Amino acid sequence: MKRVFLMMTALCLMLSFLTGCGNALKGYKTTGNGLYYHYHINNGGELPNVGDLVEVTIACYVNDTTTIIPKSNNIIQLSEPGYGTDFMEGIAMMHKGDSASFIVNIDSTFTNLFRVRELPAEFNSTDVMRFEVKVNDFYPESEYVVRMVEAIKNQYPEETARAYAEMQQYFAENQIVASPTSTGLYYVMTEEGNGEMPEKGAKVKVHYTGKLLDGTVFDSSIERGEPIELPIGVGYVIPGWDEGIMMMSKGEKGVLYIPYYLGYGDRGAGADIPPFANLIFEVELVDFQ
């Protein structure tokens, strides 16, 4: 009897939600998980895969009167839907150039997406939460750094040319022979490791000394007497570190020559690293797990 009562209660809530939505659901279709969707543009073609980075223009509203997410451009990593009306399910159905509206369950969205324990007092379970999404592009995560590099180099062609010339001059003056990776990173090994290399997401322990091309030291774990520990390959550090440390094996020592666009870019970092600065890191991969 109790189970029947609970089922009837759930049915009543659903009917209440649908009634409350009224015209808001007109023209929408629904997925098996209960996500309501309506295409404004549906181009057809290739769909993104789980793990892809999706460049979107996105906004979120409640009852068309309250803005939860202002219209903005973002990069979202596509994941499997984590709850009933997860709008990730909708993005997985979109092609490049598509735009669509999604109506989701407001309770589960606040709880799972916005990490709020309880629905804010100004809302209730029958309110209509709507996402407006346009997919501008998508691509595998592995392409992100390459795309970022090209974008910043195209934005600052003169600074990029100057930084390249400065790096080549430094190599010539110090008789350094090094070849760049596809992104423009240079790495010179000075001491071999044991051959065991970290995987993406591994927690690494690294000793390092960071310098500018003029020899100015801006940071050193060796001076502090303790290596730094951090996850690698997941965007926790500058791209030059993510790429370079993952090229090393346990116990290996070397030098990373990092162009500004794989370092701190056009902004620099604090008072010690100016904008558009090429960087040198003497590094040792002490350990990882």
Side-chain angles (χ1 to χ4, degrees), residues 1-139 141:
M1 184 68 180
K2 183 177 180 181
R3 182 178 180 184
V4 173
F5 174 76
L6 291 174
M7 292 175 63
M8 290 299 294
T9 301
L11 179 60
C12 289
L13 287 173
M14 179 60 72
L15 290 173
S16 175
F17 173 72
L18 293 175
T19 303
C21 290
N23 291 331
L25 295 179
K26 187 176 181 180
Y28 280 77
K29 297 179 180 180
T30 183
T31 68
N33 290 324
L35 178 71
Y36 286 85
Y37 65 96
H38 172 70
Y39 286 106
H40 306 291
I41 300 174
N42 188 0
N43 291 312
E46 184 181 0
L47 294 171
N49 298 309
V50 171
D52 282 355
L53 298 179
V54 186
E55 295 182 0
V56 297
T57 302
I58 191 169
C60 179
Y61 309 96
V62 174
N63 296 332
D64 290 329
T65 57
T66 303
T67 300
I68 305 298
I69 300 175
K71 185 178 180 180
S72 57
N73 294 321
N74 291 276
I75 297 178
I76 295 173
Q77 185 164 34
L78 185 63
S79 62
E80 295 282 2
Y83 52 95
T85 59
D86 189 345
F87 79 104
M88 284 287 183
E89 181 181 12
I91 292 179
M93 299 170 6
M94 300 180 73
H95 317 88
K96 292 180 184 180
D98 282 2
S99 66
S101 299
F102 303 105
I103 292 179
V104 301
N105 179 278
I106 189 171
D107 295 273
S108 60
T109 300
F110 265 103
T111 301
N112 295 283
L113 182 61
F114 300 136
R115 304 298 182 186
V116 177
R117 291 186 177 182
E118 297 181 358
L119 193 65
E122 63 267 33
F123 304 122
N124 62 67
S125 297
T126 60
D127 287 333
V128 178
M129 174 173 275
R130 176 172 55 86
F131 283 88
E132 293 292 339
V133 181
K134 181 179 184 296
V135 170
N136 302 309
D137 199 2
F138 57 81
Y139 41 84
E141 184 182 10

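Predicted, not measured: the structure shown is a model, and the values here were computed from it.
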Ignoring hydrogens and geometry, is there a side-chain-to-backbone donor-acceptor pair from T85 to N105 under 3.5 Å?
yes

Nearest 0.5 Å please: distance from the CD1 atom of I76 over to the CD1 atom of I91.
4.0 Å

According to ring pair (Phe, Tyr, Trp, His ring centres under 6.0 Å), does anything in residues 45-91 pair up with another residue at least two apart or in another chain? List the pairs.
F87-F131

side-chain contact (heavy atoms from CB on, under 4.5 Å) between V62 and E122, intermediate numbers included
CA-CA 11 Å; V62 174; E122 63 267 33; over 6 Å; no

Can you list every pair that meets ring pair (Phe, Tyr, Trp, His ring centres under 6.0 Å) and has a residue in residues 106-126, with sequence neighbours left out?
F110-F114, F110-F123

Short question: side chain of H38, backbone of G27 - any donor-acceptor pair under 3.5 Å?
yes

D137 meets the side-chain hydrogen bond (donor to acceptor under 3.5 Å, both in side chains) criterion, sequence neighbours left out, with K96, R147

So, using salt bridge (charged side-chain N to carboxylate O under 4.0 Å, His left out) as the criterion, who are the partners of E132 when residues are at least two apart?
R130

What residue pairs, at least two apart or across chains, pass salt bridge (Lys or Arg N to Asp or Glu O under 4.0 Å) with a residue in residues 27-36?
none

Taking side-chain hydrogen bond (donor to acceptor under 3.5 Å, both in side chains) as the test, write out the residues that go with D98, two or more places apart.
N43, H95

Can you pull out every salt bridge (Lys or Arg N to Asp or Glu O under 4.0 Å) where at least one residue sits in residues 100-119? Sequence neighbours excluded, please.
none

Sequence neighbours left out, what passes salt bridge (charged side-chain N to carboxylate O under 4.0 Å, His left out) with K71? Give chain and number order.
none

Do M93 and Y39 pass the side-chain contact (heavy atoms from CB on, under 4.5 Å) test, and can you show the C-alpha distance, the side-chain angles, and the key distance before you say yes or no?
CA-CA 10 Å; M93 299 170 6; Y39 286 106; 3.5 Å; yes

Residue list, salt bridge (charged side-chain N to carboxylate O under 4.0 Å, His left out) with E55, at least two apart or on another chain:
none

Residues passing the side chain to side chain contact (heavy atoms under 4.5 Å, CB included) test with P48, sequence neighbours excluded, are D52, V54, L78, F138

Looking at L35, is its backbone amide N or carbonyl O close enough to the side chain of N33 to form a donor-acceptor pair, meaning the two atoms are under 3.5 Å apart?
no

Non-neighbouring partners of T66 that pass side-chain hydrogen bond (donor to acceptor under 3.5 Å, both in side chains), sequence neighbours left out:
none

Please enumerate all residues that pass side-chain hydrogen bond (donor to acceptor under 3.5 Å, both in side chains) together with N49, with sequence neighbours excluded.
none

Hey, does the side chain of D86 reach the backbone of M88 with a donor-acceptor pair shorter than 3.5 angstrom?
yes

